[in-house]
Amino acid sequence: MDLRGPHHRRLSVPHRDRLQLLDLKRGAVTASFGRTEAVAQIYQPRRIITEVAGPLRVTDGAVTVQGTWDLLQASINATPAGLQRLSLAATAPKVTVTGIGGGEIAGSGSRLELHVRPNPSRAGEQARDVAASVTEARIPCSTP
């Protein structure tokens, strides 16, 4: 199955109840990650629950973000106007960023939670409210 819209998406459906995202491209940014299983209710198709396997790789050609995890689950609510809520939970997340001056930046934790929603008081600016927490965060810091 090949779905195309304003942003290129290439999807394959190896089984009738499983969905695998091979790549996603928006402008110069490309992203890839492992098997994705998604479910949506027939009467609320814009409410999607997913489980995503790693690894993750996002790059714009200069900066690269790579990530792994034991379990990543997400819930997405959208309307025809766009994203209404995104919630993400990951166990044992590890992220590495390269291409930003000064070498590699790496971080990890035992659990990550991230929530994003539109900011209703700044809708004209397409602003978003973001709440995030990391349990047992490990981010190496260097001193000058």
Side-chain angles (χ1 to χ4, degrees), residues 1-100 102-141:
M1 173 187 283
D2 193 6
L3 302 176
R4 297 186 186 262
H7 309 293
H8 171 73
R9 294 172 194 87
R10 189 170 57 211
L11 302 164
S12 70
V13 182
H15 304 289
R16 73 176 205 279
D17 61 346
R18 294 185 180 202
L19 182 67
Q20 182 175 6
L21 181 63
L22 301 174
D23 67 27
L24 172 67
K25 184 169 183 159
R26 181 172 181 171
V29 176
T30 60
S32 64
F33 42 89
R35 178 170 297 282
T36 301
E37 295 187 52
V39 295
Q41 297 171 331
I42 194 78
Y43 55 89
Q44 285 186 310
R46 291 187 177 97
R47 180 171 292 167
I48 301 167
I49 299 170
T50 65
E51 190 168 294
V52 181
L56 166 73
R57 185 173 193 278
V58 179
T59 186
D60 65 359
V63 176
T64 300
V65 177
Q66 295 183 333
T68 62
W69 51 84
D70 289 343
L71 175 66
L72 186 140
Q73 297 174 316
S75 170
I76 303 161
N77 284 340
T79 66
L83 178 73
Q84 294 304 304
R85 182 186 50 78
L86 166 69
S87 295
L88 182 136
T91 56
K94 295 176 186 153
V95 176
T96 303
V97 180
T98 56
I100 297 176
E104 180 179 284
I105 301 168
S108 63
S110 64
R111 180 159 176 86
L112 164 73
E113 288 193 24
L114 174 71
H115 305 277
V116 180
R117 69 173 188 161
N119 181 316
S121 64
R122 296 177 55 201
E125 302 169 50
Q126 295 185 348
R128 304 285 187 252
D129 292 333
V130 177
S133 68
V134 181
T135 306
E136 297 178 20
R138 293 174 292 284
I139 304 171
C141 297

Handout entry: Residues in side-chain contact (heavy atoms from CB on, under 4.5 Å) contact with Ile100, at least two apart in sequence or another chain
Key = Val63, Val97
Exercise for the section: Decide yes or no on side chain to side chain donor-acceptor pair (under 3.5 Å) for Arg46 and Thr79, but give the supporting numbers first. Expected result: CA-CA 6 Å; Arg46 291 187 177 97; Thr79 66; over 6 Å; no
Practice task
Heavy atoms only: give me the nearest Gly107-Ile139 pair and the separation to one decimal.
Solution key: CA-CG1, 4.3 Å
Handout entry: salt bridge (Lys or Arg N to Asp or Glu O under 4.0 Å) involving Arg47 - partner list, sequence neighbours excluded
Key = none
Exercise for the section: Name all residues meeting the side-chain contact (heavy atoms from CB on, under 4.5 Å) criterion together with Leu112; count only those two or more places apart in sequence or in a different chain, and write none if there are none. Expected result: Leu88, Ala90, Pro93, Val134
Handout entry: Partner set under salt bridge (Lys or Arg N to Asp or Glu O under 4.0 Å) for Arg122, not counting sequence neighbours
Key = Glu125
Problem - Distance in Å, Gln84 CD paired with Asn77 CG, rounded so as to fall on 0.5 Å steps - result: 8.0 Å
Exercise for the section: Grab the two heavy atoms, one from Thr91 and one from Trp69, that are nearest each other, plus how far apart they are. Expected result: O-CB, 3.6 Å
Problem - Under 3.5 Å: donor-acceptor pair, side chain of Ser87, backbone of Ser75 - result: no
Practice task
With sequence neighbours excluded, give me every side-chain hydrogen bond (donor to acceptor under 3.5 Å, both in side chains) pair touching residues 49-62.
Solution key: Glu51-Gln73, Thr59-Thr64
Exercise for the section: For Gln44 and Ala40, work out which heavy atoms get closest and say how close. Expected result: O-CB, 4.5 Å
Fill in the blank from the handout: Applied to residues 102-119, the salt bridge (charged side-chain N to carboxylate O under 4.0 Å, His left out) test, sequence neighbours excluded, yields Arg111-Glu113, Arg117-Asp129
